[in-house]
Peer 1: 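Structure below; questions to follow.
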Amino acid sequence: MAARNGRRRHVDKVEKPSGTNIAEYPIMSDKPVILVTRKLPQAVEDRLRSDYEARLNPDDHLYTSDELIERAQGADALLPCHTEHLSAEIIGRLPDSIKAVANFSVGFDHVDLEAAKARGIIVTNTPDVLSDATAELTIMLMLGAARRASEGEHLVRSQEWRDWSPSFMVGIQMTGKRLGIIGFGRVGQVTAKRARGFDMEIHYTDVRRLPREQEAGAIYHDSPEDLLPHCDFLALHCVATPETRNLLNAERIALLPDDAIVVNAARGAIIDDEALIAALKSGKLAAAGIDAYNNEPDIHPGYRELVNTFLMPHIGSATRETRDAMGFRAIDNLDAIFAGREPRDRVV
Ligand code: 8YV
């Protein structure tokens, strides 16, 4: 069997044709070929290069669908980010050699799981390791929105700051307020823990109530409708699924107390943009802090036009420590898969 494109090719099962002397039968590379779609931290790429035949993306450009399919030829697995939309159509075009998609992300809404499952492709994610970084960013969104950080920063940088008065740039205090969390998983629980440092009273809703020790005093509500009236601040931490699409819509926003603050470091799909922008414009909501949007990076222009939005460019997990940990976690999953073990973070 010749190596494709002159590359040594990993084969996980060498079938010996009858009559062939095993000594003459070519065993190709013992290193699986991994297509890495974006530039990853140096330490992660070093480990990939040493343990795999890594096809890297040194200039970090976004692959077109055709380029992705072309570069995947002969590869054994993909290591993509959420920027690669692995739709059913793309998954259908992947070569048969692809056994796994080891995501560099905890979210997997960019992958059509049914299509992957149908082709027998294993999909993994990187939970746990980004909870601290994302919770930190959530607290920053809350503070930034409540204390009018965008407006203040703009005033100073643009040299438009001329004066000071007791009524200048007055915002909302976070200390002692009620924080409602939709989605009390790993990130939601760390956000709650950090918010307790601000003496906040934690309320949450999730598909089911957590054991008391995990609640750590948080008050459970069995639906968003029941939770929302108790939220001075609302943080979205649920997974983006067809069920949570537009979860925060006009009807639910109306259930929030007037002057509430909404933050989202999860996924844009959870919010109905038109409804949130209307509530920020009308003064129903005091402010919003957002890190994840529909149709990134081409977000709804309404957010940019408002002064009461504090906007970040999807950087929830963007710390040195976390990005290394995400990469290592994705490689741990690949290591398990190619050693014939069950990967720790299998999604399908
Ligand atoms: C990542 C994220 O930076 O992990 C996730 O789901 O949203 C981000 O924190 C991104 O997805 C990397 O692919």
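Any value given below was found using the heavy atoms of this structure, including those in side chains, with hydrogens, waters and symmetry copies removed. Each ligand, and each atom within it, is numbered from 1 in the order the structure gives. Just so you know, these numbers come straight off a predicted model, no measurement behind them.
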Peer 1: Return the set of residues passing salt bridge (charged side-chain N to carboxylate O under 4.0 Å, His left out) with D272 (not counting sequence neighbours), or none when no residue passes.
Peer 2: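 Not a single residue meets the salt bridge (charged side-chain N to carboxylate O under 4.0 Å, His left out) criterion with D272.
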Peer 1: Put together the list of close N/O pairs, under 3.5 Å, between ligand 1 and the protein, could you?
Peer 2:
unit_1, atom_1, unit_2, atom_2, d
ligand 1, 3 (O), S317, OG, 2.8
ligand 1, 3 (O), R323, NH2, 2.9
ligand 1, 4 (O), V106, N, 2.8
ligand 1, 6 (O), V106, N, 3.4
ligand 1, 6 (O), G107, N, 2.7
ligand 1, 6 (O), R267, NH2, 2.7
ligand 1, 7 (O), R267, NH1, 2.7
ligand 1, 7 (O), R267, NH2, 3.3
ligand 1, 7 (O), H314, NE2, 2.8
ligand 1, 9 (O), S317, OG, 2.8
ligand 1, 11 (O), H82, ND1, 2.9
ligand 1, 13 (O), H82, N, 2.9
ligand 1, 13 (O), H82, ND1, 3.3
ligand 1, 13 (O), F104, O, 2.7

Peer 1: Answer yes or no: is there an ion pair linking R208 with D222, defined by an N-O contact shorter than 4.0 Å?
Peer 2: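 No.
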Peer 1: Should the pair E89-R93 be classified as a salt bridge under the 4.0 Å nitrogen-to-oxygen rule?
Peer 2: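 Looking at R93 together with E89, the answer is yes, because their closest N to O distance falls below 4.0 Å.
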Peer 1: Does the distance from a Lys or Arg side-chain N to an Asp or Glu carboxylate O, for D345 and R329, drop under 4.0 Å?
Peer 2: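 Salt bridge between D345 and R329, a charged N being under 4.0 Å from a carboxylate O: yes.
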Peer 1: Could you tell me whether D51 and K31 have a side-chain N and a carboxylate O separated by less than 4.0 Å?
Peer 2: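 So D51 does not pair with K31 through a salt bridge.
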Peer 1: Is it true that K39 and E45 make a salt bridge, defined as a side-chain N closer than 4.0 Å to a carboxylate O?
Peer 2: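 Salt bridge: yes.
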